[in-house]
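One structure below.
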2 protein chains.
Amino acid sequence: MIELSKAEFEVLDALWLNYPATASQIIERLSDEKQWHEKTIKTLLGRLVKKGALSFEKDGRQYIYTPCMERAEYTLKESQNFIERFFSGRIAPLVSGFAKSEQLSQQDINELKKVIDDWEKQQK
Amino acid sequence: MIELSKAEFEVLDALWLNYPATASQIIERLSDEKQWHEKTIKTLLGRLVKKGALSFEKDGRQYIYTPCMERAEYTLKESQNFIERFFSGRIAPLVSGFAKSEQLSQQDINELKKVIDDWEKQQK
DNA sequence: AAATTATGATTACAGGTGTAATCTAAACTT
DNA sequence: AAGTTTAGATTACACCTGTAATCATAATTT
């Protein structure tokens, strides 16, 4: 699995919003939430390329970046990894921990029910 | 939140198995799964103490370590953090990602149903 | 054409991390 | 009592990370 740092992920996440995109577009998108210097974001873009998380094409002297994987694919791997590390690979204990500490809303419950429902339908 | 590295967490996890415990007991427990040198584990214990994740009492020249928090408490915080970062704080999309990629077993579904059930009962 | 600007590349630098080795002193052996 | 072992403390060191600044160069402006 490609290992991304927190900051690297946030840059990639800004690209996932809409891609391909140039560095300046990504910087623009991040400018609301983060106080990062433009140089910082460029450094992170470079590291993402080096790690194989992004590819780019040249357009004049600019680069046009594209993620090398989909967000869902990446977050799935991260999730598996997380659940393996903290809950021996079982997902229910994670949800159960939320329930016990009153972190679940009725909306969460409804959404979870739907996921279960869909899963069962799909099993037929 | 106390931030622990991967390796630090694994050492703490070995202590959570049964505590209080001495360094040598922890080293013994980890010896099956990890190829860590004894010195490495001692370094990690020291870092855990420094970060405030462990406390200890002296017993002759040995230390007897105790975690400063419960496992469930720590994993809950990590989970919240994780879900915030990758799923904007919503838990259902994480579970849904597992479902879509066929990572859910019937057992997982049963366990999830029980969590939901218990939650609903508790709401009365 | 010269000056300025903007882009990516390279360099910087402190603090965290994995992975120990060495040091120091107390406890145990002989 | 002297030597040896062992526990924790200190030091080591390369790579990762956050956070840029500087450099080289191509494009744009004047």
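Chain A is the first sequence line, chain B the second, and so forth, proteins listed ahead of strands; every chain is numbered from 1. Scope of the values below: all heavy atoms of this structure, side chains included, with no hydrogens, waters or symmetry mates.
- Put simply, CD on B/Q35 is 10 Å from P on C/dA20, counting in whole angstrom units.
- For B/R61 and C/dA25, a side-chain-to-base donor-acceptor distance below 3.5 Å is absent, hydrogens and geometry of angles not being considered.
- Under the 4.5 Å side-chain heavy-atom criterion for Ile, Leu, Val, Met, Phe, Trp and Tyr, B/I2 and B/L48 are members of the same hydrophobic cluster.
- OP1 or OP2 of C/dT19 lies within a sub-4.0 Å distance of a side-chain N or O belonging to B/W36.
- Within the 4.0 Å cut-off from OP1 or OP2 of D/dG18, at least one side-chain nitrogen or oxygen of A/S5 is found.
- No hydrogens or angles considered: nothing links the side chains of B/T43 and B/K39 as a donor-acceptor pair under 3.5 Å.
- Of all heavy-atom pairs spanning A/D108 and A/Q103, the tightest one is OD2-O, 3.8 Å.
- Following rounding to the nearest Å, A/I2 (CD1) and D/dC16 (P) show an atom-to-atom distance of 14 Å.
- Here C/dA9 presents its P atom at 10 Å from CG of A/L45, a figure rounded to the nearest Å.
- Residue B/K39 has no polar side-chain atom (N or O) positioned under 4.0 Å from OP1 or OP2 of C/dA21.
- The six-membered or imidazole ring of A/F9 lies near that of A/Y74, with a centre-to-centre distance under 6.0 Å.
- Residue B/K51 is classed as a sugar-phosphate contact, given heavy-atom separations below 4.0 Å to backbone atoms only.
- In this structure, CG of A/L48 is placed 15 Å from C1' of C/dG8, rounded to the nearest angstrom.
- As rounded to whole Å, 12 Å separates atom P of D/dT6 from atom CD1 of B/I27.
- Here the nucleotide nearest the side chain of A/T43, chosen from D/dA20, D/dA7, C/dA20, is D/dA20.
- A/K113 has a carboxylate O that lies under 4.0 Å from a charged side-chain N of B/E120, or vice versa, which qualifies the two as a salt bridge.
- The distance between atom CZ of B/F9 and atom P of C/dG18, rounded to the nearest whole Å, is 13 Å.
- Of the candidates D/dT17, C/dT19, D/dG8, D/dT17 carries the atom nearest the A/E8 side chain, counting heavy atoms from C-beta on.
- In the interface, the side chain of A/R47 is paired with the base of D/dT19 through a donor and an acceptor atom under 3.5 Å apart.
- Rounded to whole angstrom, the span from the CD atom of A/E38 across to the P atom of D/dG18 amounts to 19 Å.
- Between the NZ atom of B/K42 and the C1' atom of D/dT10 there is a distance of 14 Å, given to the nearest Å.
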